[in-house]
Each structure stands twice: as structure tokens, then as C-alpha cells.
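In what follows, a structure is listed as C-alpha cells, so that the remarks can point back to it.
Letters A, B, ... mirror the listed sequences (proteins, then strands); counts begin at 1.
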2 protein chains.
Amino acid sequence: MLRQLPLGALRAFEAAARTGSFRAAGEELAISASAISHAIRKLEDLIGAGLFEREGRAVRLNAAGETLLRHVASGFEELRHGLEVVSARQMNLLRLHCAPSLAAQWLLPRLPRLIADAPGLTVRLSAGTDYPKFHADEFDADIRYGRPRAEGLAALPLGEETVTPLCAPALAARLRTPADLYDLELIESDNKQVRWTDWFAANGLRAPSPRGSRFDRSFMAIAAAADGLGVALESTRLAERELDAGRLVAPLRECSVDIRYVGHFLVYPPRARSNRALRTFETWLFAQLGLTRG
Amino acid sequence: MLRQLPLGALRAFEAAARTGSFRAAGEELAISASAISHAIRKLEDLIGAGLFEREGRAVRLNAAGETLLRHVASGFEELRHGLEVVSARQMNLLRLHCAPSLAAQWLLPRLPRLIADAPGLTVRLSAGTDYPKFHADEFDADIRYGRPRAEGLAALPLGEETVTPLCAPALAARLRTPADLYDLELIESDNKQVRWTDWFAANGLRAPSPRGSRFDRSFMAIAAAADGLGVALESTRLAERELDAGRLVAPLRECSVDIRYVGHFLVYPPRARSNRALRTFETWLFAQLGLTRG
DNA sequence: ACCTATCGTTGAATCCAATTCATCGAAGGG
DNA sequence: CCCTTCGATGAATTGGATTCAACGATAGGT
């Protein structure tokens, strides 16, 4: 069934259709324009219909050609990607997707350490809120915020994080008790599981009506808080750098009830168990978090 | 970028991986087993890793091979399918998807007439309740029950249908007024927009509590009614054959309010406008239904 | 244990399909 | 009007895919 697939001709067609020129296609494939012409003629004879409109010395795809191009392009892309995946596995490449704030605040600062700890490992990191589609084999693993709903995926909780009010040192003097928050600007983070309402409730207080800035990324809320814009309610893990550098402090940590919860998960398809790069990374990640795997 | 895709080797790999045998792969591709061996060795050299485990005279895919096979299989399938689509267009083939009951009750009996009316046209008909995915180019058009939600599709209403109580002639004697239905078995059709409740309401009566048989396909409800199992509430278009043959009658047609509504739609992607087979079919379909297009 | 059949491997030889070459016509740009 | 660029075409060529032939390994039968 695949026996009579004119693969070479299809490759020539793809290049010609994409570039819109036989000459350009030939250059791309390092063959002559004549070869492209022959190949496309062969295809057209096979299907019994034209694929290009010849207009003088120019060529333009017709409807059938457009249709064929869609299929052929995605088909070749799939082949190319398949080879890339198995090659990547061999070269110890980890294709990692990560929630944006954790990537920026926690993972990126540690990448040099990872490279040092795991010689030969190379990491390709993508940050985004979209959920990567593992079935398309675009990524080996994902660190995501929130428990994944999808079935058939391994999801390892990355330990508990502590959520507490954070602000610049200059503001901390005005913060002795949770009730002092009523007088300050509260920075709200969207898309988070723990919000100001929850924190006030845990401390037996009514949350004030919404005011202050809103951000839809934790790292922006943290940066805003460090700039003195107000008090952010964020995970100490995500604010680790600012806390260590003294740009942020957690003034109520000793005199309030902080919220602990599991925010992030390492997720990958079961078949990735055999991926050497991922195994290396998982071990390193859990060690960095002070966790034992399980 | 596609220049160095070893297409021939990938084809050999696909056959070998699928059949699990180099010899079988060779037979399928009409080349020798030796050629398969050479091709796969070339692939393995290229990616720098093995794809098969050699165990004596047997070969078995390893993890990398499994991964590559998934991609390569779907890639070739896409190429093959692309050629099929453009070839089909040329041979005046209409790949039609259709709601099951309309296909069985209305379209199938008319197919001989279509073939006669449109010489050279060939039809491939699939019946199913699933919505065909046009982006995968599996079908040229769909006749579906209910207005389609999807955007970016042309959806032509196929005229109004009349829904009225239908039963076998033997039962019709006991049906003079809508109220007589209280004494008879009512056949309920699931997945329909018009149900007994609606019909009774339109006739100023309270619907009796559910009793009688239930079917999830109209053609089954119609067959059951023709067999004397009770009274079905169905479209006269779907019951056309049984009504013409006298196996079913519509006893209340003259003394009740029947429900008229648009149940079926012809749906296709905009690009299909240039499809000759579809144009032929659309013209024929509207003529059969006594409709003017628009 | 022995024989036989089957399967995959390997390197050299072979061959045929893909490609090039040479030439042509057509169209656009200056 | 000349010059350049592009694609088409058919015959010639070439190099990469394929076969060939010999070999090792394994399984099954007797």
C-alpha cells in the first residue's frame, strides 16, 4: 500500500508548492529545477490531474495542489519530527515545558546547577500556560501549576509550598498583625488556587473588597511587591530569589496562619519512564526540592 | 530541512516495524529482505541509536523504535491520504457522511436514482452519529441531524419535515382524536428534537407519563411502529417508504396539529465549493427535496 | 544429535530510476 | 530590442538503492 507512494516526487512537490517556484525548490533540495519539473509531472500523471497552473514562466498552486500541500506538509512534518524525537533521546536532550512563574523564578536560576550536576544533559525549556500535548511528542515532561485532569499521565506532586503575604522591607514596618493589611494595597494574582479571600478566612478575618493591582502571573505580582507597590500573597518558593536577596520579606510569617498546599506537579506520559534525560532531571529536581520520590 | 529525510529508509522501517519481520516487509514492498536490512541500518546510523533488538533470527522494536513507528506511521498515512483525496476529486468521487436514519430510510432508496441521474459519479457513504472531522479530509460533506455548532462550515437546511404520529394500519382504527393516544403504546425516540411531550403540548394536551418502547434511532422506531408495537412520533420524510407502501399510516394528520421543523442540514467546509462531485450531489439533493438552493 | 528450513547480516556487484544536460519557448525588465 | 530568468522536454548519465551470494544463528522435526 505504501509501495507506490512516490516519496521523492512528494518531497519535490512540497518544496515547490511551499516556495511557489521550481527553481527555489530545486535550490532547497540541492537538485536542479529540471528534476523538480520531472517529479511534479510524474505526480500529476499519477493522480490524473494538474497540481499547478502554469502561467508563462510562473507556476501557481490550483485547488487540488492546495489540498495536497496541506496533507503532504503535515505528513513530512510528522516524519521529520519522529526522527527528531528519537535522535533527541539519544543525545540526552530534555524537552521541558514549565509553568511560566516557576520557570522564571525557580527553575531558571537553578539551570546552571543542573547543567553542572548532569554533564552531557541538554535542556530545551518552554514556558507557557497551555498544556502541552504529549501525544504529539513535542515535550518529554511538563511542570504545571495545578493538578492535571488528564488521564493516563504520571503526575508527581512537587511538595508543599507556603503562601504568605510578601512585601518590600520598607513596607514591613507597617505590618505587625494580619489586620494591618486593611491599610495597605493588596496585590491580587489571578489564576491562583490560593487568593486573599482564602488567606483572610484562614486567619479569621473578613477579606476587604478588592482593590490594588491585579496580575495574571505570579512573577509579575512578586516583582510588583518587590517594587513597593503593595503586599502580594505568593508562594515562598516562587519568591525565593527576592526573599534571599532581601528585596522581599514575609513580615507576618510568625504571627499568622499561612496556607500550605501542593501547587506544582511534574507530569509526563508513562512511556517517558524509559527516557534517560527525564530520569536524570527527575532525580535532580526532587533532590533540589528536598523530597524523596514516591 | 527535508533534504536529508531518508524517505526510502523510513518506508522500509515502517513496513518492518509494523510486520515485525524484515522478510515480510520486503515482500510487502516487493524488495528483498536484504534491502530492508540495509535501510534500517542506515536509519540507525543516522540517529545514532538502535531501533530493533536483534534476538537471533528474530527482530523486535525497542522503545525508540516504538516511538519512531508512531510518528512514521501517521506521517505516511497523511501522505497516502493526501494523494487519495486529490485522486478522488479527479475521479468524481463523493465521500458522504450521513445521519443513520436519513441514510437508511431516505437516501439509500434513492441512491440508484442518483447514480442514474449523475453518470460517472461514485458515492462512498458512511452512516454514523459522530461528527466527521473535515479538517482531516475524511469526507467531502455530511448530512447531519440538528443544526451544526461548528464555525467555518457551510450548513444548508434541507427543508422542513412534518412530525406526526405514525402507526400500522391495524391500529389506526382506534385513533380518531389525539386523546385516543392515551390508550396506546407510545414509541419514544431518543436523540430527537421533537418528542411526544412537544406534540401533546402543541395539541393542548398533557403528555402521559413515559411508557412503551424507546429507541435511539428513528429507523428503529419506525420499524417498530410498522410491526404494530405502538405509535411512533416521527418525520414523514424518514417514514416515507413505509407510508408509501401502506405499512404505516398517519391517522391524525387531518385532526391534529403536527410539528414542522428543519431537522437535517447539508454541511461541508467552504473549500469544498470547488468539488465537482459535491456540486452535482447538492443540485440533485435539492431537486429531490423539491427545494431551491439558497 | 543431526539435518533442514528460515531469518537476518554483510560486502561487493549490479542496475534502474532519479537526476542532469542541453535545448527550447515564453515572459518580464531595462 | 536585447538580455535574463523561468519552466518544459527528451535523451544521456550517474550514483544510491537494490540484489546477489555467502554466512551465522536459531528453531523445529525426527
Closer than 4.0 Å, any side-chain N/O of A:Arg23 to the OP1 or OP2 of D:dT5?
no

Measure from [atom1] on [X] to [atom2] on [N] and round the result to the nearest Å.
X	N	atom1	atom2	result
B:Lys42	C:dG11	NZ	P	17 Å
B:Phe52	C:dC7	CZ	C1'	14 Å
A:Leu5	C:dA18	CG	P	13 Å
B:Glu27	C:dG8	CD	P	11 Å
A:Leu7	C:dA18	CG	P	10 Å
A:Ile36	D:dT9	CD1	P	16 Å
A:Glu44	D:dG7	CD	P	13 Å
A:Phe13	C:dA18	CZ	P	17 Å

Judged by each residue's nearest nucleotide on DNA chain C, which is more toward the 5′ side, A:Ala30 or A:Glu55?
A:Ala30

Start at the 5' end of DNA chain C and walk down; is the nucleotide closest to A:Ser32 or to B:Gly56 reached first?
B:Gly56

Between B:Ser32 and B:Arg23, a side-chain donor and acceptor under 3.5 Å:
no

Rounding to 0.5 Å, atoms CG (A:Leu29) and CZ (B:Arg3) come to a distance of 7.5 Å

For A:Ala35, answer base if it contacts any base atom (sugar-phosphate contacts may also be present), sugar-phosphate if it contacts only those atoms, and nothing otherwise; contact means non-hydrogen atoms under 4.0 Å.
base

Counting side-chain heavy atoms from CB outward, which of [options] is closest to [X]?
X	options	answer
B:Arg57	D:dT9, D:dA27, D:dG7	D:dA27
B:His38	D:dG7, C:dT10, C:dT20	C:dT10
A:Arg54	D:dT19, C:dT9, D:dA8	D:dA8
A:Ser37	C:dT9, D:dA8, C:dT6	D:dA8

Within the modelled atom types, does a donor on one side and an acceptor on the other bring the side chain of A:Ser34 and the base of C:dC21 under 3.5 Å apart?
yes

Side chain to side chain donor-acceptor pair (under 3.5 Å) between B:Asn191 and B:Asp216, intermediate numbers included:
CA-CA 6 Å; B:Asn191 306 322; B:Asp216 72 345; 4.5 Å; no

Establish, yes or no, whether the cationic atom of A:Arg11 lies under 6.0 Å from the six-membered ring centre of A:Phe76 and within 45° of the ring axis.
no

Cation-pi between A:Arg147 and A:Phe265: NZ/CZ under 6.0 Å from ring centre and within 45° of the ring axis?
no

